[in-house]
Protein chains: 2
Amino acid sequence: MSHDQLFSCVSRRTLLSTLAVFAMLPETLMSAVAQTVTGDPLPSWNDGVAKRSIFNFVTAVTREGSPDFVPAPQRIATFDNDGTLWCEYPMYVQLAFALDRVKTMAPLHPEWKDKQPFKAVLDGDMKALAGTGERGLVEMVLVTHAGMTTEEFSGIVTDWLAAARHPRFKRPYTELVYQPMLEVLAYLRANGFKTFIVSGGGIEFMRPWSERIYGVPPEQVVGSSIKTRFEMRQGRPELFRLPEVNFVDDKVGKPVGINSSIGRRPIAAFGNSDGDLEMLQWTTMSGGLRLGLIVHHTDSEREYAYDRTAEFGKLDKALDAAIENKWTVVDMKKDWKVIFPPSH
Amino acid sequence: MSHDQLFSCVSRRTLLSTLAVFAMLPETLMSAVAQTVTGDPLPSWNDGVAKRSIFNFVTAVTREGSPDFVPAPQRIATFDNDGTLWCEYPMYVQLAFALDRVKTMAPLHPEWKDKQPFKAVLDGDMKALAGTGERGLVEMVLVTHAGMTTEEFSGIVTDWLAAARHPRFKRPYTELVYQPMLEVLAYLRANGFKTFIVSGGGIEFMRPWSERIYGVPPEQVVGSSIKTRFEMRQGRPELFRLPEVNFVDDKVGKPVGINSSIGRRPIAAFGNSDGDLEMLQWTTMSGGLRLGLIVHHTDSEREYAYDRTAEFGKLDKALDAAIENKWTVVDMKKDWKVIFPPSH
């Protein structure tokens, strides 16, 4: 048992005891006890409209007898990943992974020296890579993400993440997650929510570490995927990853993915870009008190600042929709005391 | 709040208190307490090899310090639905639904009187319907299952199930679930398992009632699906069901569906037909103590008897594989004291 597992067991036991004590107390006492026991569940958030909107929403949907009360099994919250839970600049982490994979695989593919999009990657020419367009990028992703079993791919991702460092912050990517959002995930779960990741990124790229880093188990991760094929090989059942797109969990794909994998409408959704617009619409525009929240990247000193004209994580239509629909817009610079968890 | 919801809230609270008490007791006391508190968790099972194999497996994987111990988050159990959790004779319930839908929709489609496969359905000629082959059946399913929003379809299924009765047992289909299997579901959950349905049937056909009947929430249901499309209509976000197959969650599709929706390998799998063979292989043939179980329909008096030559739920290859791989084979007639829960 690793330290992480041990820690998570201990917390679960503590949590269970705490929950049971709550269950035996009269309802009026419960919130007082919760305050005393946990203090401020969002300590990395400055007081302000954004923080209050989260508190108000959770209080309203969890208080029995409230007109906005939602029974626990229906408390589904969905979180985008890139730019909402972890840093997506200077490029999507999965893109950095794919570029490194091309370099690792290159010795087995001498023809790549003269063949796009691989030539551009090997030359370190990002402009030429962008010039190969969506077709070039998809080809690169398929070649680097297929051709192995699901278990092998999980190992490749885990090994890469252990070794790779962010070019600016010089830390593992899995440490460049947003501390204030980790607190939101934990706060929602402590209030009976089930938290899901709903990302345009690859589902199998997130699952090997989502439980350890976010407390979100693999079965609560929704993402883009390639096709797989079941085969018995030498008496062992295996799933092989095929170079064929299965599902793109972005934009209009997000409500489709949510319906397909979760099967009920979330009551809270968290995003940061136009890729999250439809998920926010699907979540909030269906009657009842709902929470839509957008992380606005406004902090070039501690992280990055980008929105309407961004290359990754463009936030334009969804920013207009946020005002129109009264979604919470988080101003990273003003609302967050810290961005990342302390280094360990 | 319905009676069902109220009941499930009360049980959840009771369960939480009980679990917390367990968590505070020394491990050696825990199993004794469990015995005393719960008695026999599988009271509808006769003593025998099948019942013992379930007990032995659960004891081995949940006892800390046991060489076969599996941490709770990895305790994933998957259950086929048709023929494993509920009755699939004289035909799949979803097929009965589709036939009724054709009759309901017929007045809007005068052309069906002369067009297969619809003519066969309207004439009540099952032989002619079978003669239209897979193509005819798929066309009938698509026409009856598409062309509405996901919410509308959920309502249609719920209304139909409330009114429809099984031709032989004269009871609602949702009462024709196997009492011994309901006990297995509850027993596994009480031991930290997460229970999933993995069915060849339509995912949206099961989700409206899986939580109420099986205690399995929509997000833990995996099944076959048609495509959906997100659209804003009159300011409302909707998902429309399209007449196009998306995924067939049967045979080699089951491990694919499990990987796609759950993202980790189950440690226990329950099926009844050759459609479950690959799920059982994927679950049990990967090292470590695993439980594979097949429900063998041997009871023509209390239910139905069928296996190697059956029209629905054919059990041939998987029966041979069960012997070879030491999966548990349940003899319905001998192993189960009752088949269905009492009428209410």
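Order of the sequence lines sets the chain letters (A, B, ...), proteins ahead of strands, with each chain counted from 1. Note that the structure is a prediction, hence the values are computed from the model and not measured.
- Using a 4.5 Å cut-off between heavy atoms, A:K254 does not touch chain B at all.
- Across every non-hydrogen atom of B:G263 and A:P218, the tightest pair is O-CB, 3.9 Å.
- Using a 4.5 Å cut-off between heavy atoms, B:S154 makes no contact with chain A at all.
- Of the atoms belonging to B:K251, not a single heavy atom falls under 4.5 Å from chain A.
- The most heavy-atom pairs under 4.5 Å with chain B, out of A:R265, A:K227, A:E204, come from A:R265.
- The most heavy-atom pairs under 4.5 Å with chain B, out of A:N246, A:V256, A:V222, A:I262, come from A:I262.
- Looking at every heavy atom in both residues, B:P217 comes nearest to A:K194 through CG-NZ, 4.3 Å.
- Counting heavy-atom pairs closer than 4.5 Å to chain A, the top-ranked of the candidates B:R229, B:E238, B:E231, B:M232 is B:M232.
- Using a 4.5 Å cut-off between heavy atoms, A:F196 contacts chain B through its side chain alone, with no backbone atom that close.
- Residues B:P73 and A:E211 come closest through the heavy atom pair CB-OE2, 3.7 Å.
- Of all heavy-atom pairs spanning A:P237 and B:W282, the tightest one is O-CZ3, 3.7 Å.
- Salt-bridge check for B:R264 with A:E151: failed, with every basic side-chain N at 4.0 Å or more from each acidic carboxylate O.
- Per-residue heavy-atom pair counts under 4.5 Å with chain B were compared for A:Q220, A:R236, A:E278, and the maximum is reached by A:E278.
- With rounding to the nearest 0.5 Å, the separation of OG in A:S260 from CD1 in B:I226 is 12.0 Å.
- Across every non-hydrogen atom of A:I76 and B:E219, the tightest pair is CD1-OE2, 4.3 Å.
- Among the candidates B:T228, B:L239, B:V252, the residue making the largest number of heavy-atom pairs closer than 4.5 Å to chain A is B:L239.
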